[in-house]
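Worksheet: one structure, shown below.
Sequence lines set the chain letters: A, B, ... in the order given, protein chains first and strands last, and positions in each chain run from 1. Here the structure is a predicted model, which is why all the values come from computation and not from measurement.
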There are 2 protein chains.
Amino acid sequence: MGASKTDFFTTEQNEVASLFKALSHPARIAIIEYLLKVDTCICGDIVNELPLAQPTVSQHLKELKNANIIKGNIEGTAICYCLNLDTLKKIEHYFGTITSHLSSKCC
Amino acid sequence: MGASKTDFFTTEQNEVASLFKALSHPARIAIIEYLLKVDTCICGDIVNELPLAQPTVSQHLKELKNANIIKGNIEGTAICYCLNLDTLKKIEHYFGTITSHLSSKCC
DNA sequence: TTGTTTTATCGTAATATTGCAATATAATAA
DNA sequence: TTATTATATTGCAATATTACGATAAAACAA
């Protein structure tokens, strides 16, 4: 064997894990930080910002889109990408719940 | 090729990505949520809580420990695991920075 | 000492991810 | 129409992850 035993965990646990999987590559972190830095929709130049070939960047963008971390709108020949505030807030809230429920008396 | 081109990204981007990689498996999310639920150090019964064999659980615990998401203290024969509040707060802060810097005018 | 319990490591098979060349698709320009 | 430009998809090789049986190691009990 070797594949994840997805079926043995709850839907929520699988969803949370796949959200973090989308964030688990430095190229995808770089994309997020670039979109944050320019603070606007970006049409086109993400490929030029990364040290990776165009098909590879396209693949990473697809993963971020599938996880709803970024949104992509078609603007003529180019595609306009930007961060999805809702999803990012959801992740922030997930950790907020953890840290607020956690007593520091432990260990 | 196929391996991550780690060298082409910043140290910080690689560190953030590997923190999320530690969170990218439902078994590790289940471990975190279990430690949160019992709200105390757990000596031993994590293996019984998960639908995975003992070596597999041990491997997942090691990854969480390497990422500083959990701490493990030896207590005689057993090992006492608990969540590392500092790291979890660091992740929460990372998203807080993103969401607060992000204008919603986009897309 | 030997036995028991608990956790870690080794070895390996199954599966998933990463990266890119080649190619395809889509929108616009000339 | 044919170019051009921008992004997506396909196919495949290299590498990484996941899972677990077998085994080792560590701590304690008898």
>> side-chain contact (heavy atoms from CB on, under 4.5 Å), that's the test. Do N84(A) and N68(A) meet it? Break it down for me.
In response: CA-CA 7 Å; N84(A) 188 337; N68(A) 285 313; 4.2 Å; yes

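Remark: T56(A) pairs with L52(A), A53(A), H60(A) by the side-chain contact (heavy atoms from CB on, under 4.5 Å) rule, at least two apart or across chains. E63(B) pairs by the salt bridge (charged side-chain N to carboxylate O under 4.0 Å, His left out) definition with R28(B), not counting sequence neighbours.
When rounded to the nearest whole Å, the span between CD1 of I31(B) and P of dT7(C) equals 12 Å. Regarding L50(A), its CG atom lies at a distance of 13 Å from the C1' atom of dG19(C), rounded to whole Å. Taking atom CD1 of I46(A) as the reference point, atom C1' of dA8(D) lies 14 Å away to the nearest angstrom. For the pair K62(A) NZ and dT17(C) P, the interatomic distance rounds to 12 Å; values are reported in whole Å. Atom CG in L64(A) sits roughly 11 Å away from atom P in dT18(C) (whole-Å rounding). Counting to the nearest Å, the P atom of dA8(D) and the CD1 atom of I70(A) are 9 Å from each other. Protein atom CZ of F20(A) is 18 Å distant from nucleotide atom P of dT17(D), rounded to whole Å. Counting to the nearest Å, the C1' atom of dA16(C) and the CD atom of E63(A) are 11 Å from each other.
Remark: H60(B) is not in phosphate contact with dT17(D), judged by side-chain N or O atoms under 4.0 Å from OP1 or OP2. Taking side-chain N and O atoms only, T56(A) has no distance below 4.0 Å to OP1 or OP2 of dG19(C).
Proximity note for L52(A) (side chain, C-beta onward) versus dG19(C), dT7(C), dT9(D): the nearest is dG19(C). Comparing dT18(C), dT18(D), dA8(C) by their nearest atom to the side chain of H25(B) picks out dT18(D). Of the candidate nucleotides dG19(C), dA19(D), dT17(C), dT17(C) has the atom nearest to the side chain of K21(A). Nearest to the side-chain atoms of Y81(B) among the listed nucleotides dA8(C), dT18(C), dT18(D) stands dA8(C). When each of dA19(D), dA8(D), dG19(C) is scored by its nearest atom to the side-chain atoms of Q59(A), the top-ranked nucleotide is dG19(C).
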Check nucleotides 21-24 of chain C for protein N or O atoms closer than 3.5 Å to its own N or O atoms and list the pairs.
none

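For H25(A) against A27(A), the heavy-atom pair with the smallest separation is ND1-N, 2.9 Å. Closest heavy-atom contact between A22(B) and A67(B): CB-CB, 3.5 Å.
With hydrogens and angles ignored, the 3.5 Å screen pairs a side-chain donor or acceptor of N14(A) with a backbone N or O of T6(A).
Y81(B) is not listed as a side-chain neighbour of I31(B), based on a closest heavy-atom distance of 4.5 Å or more.
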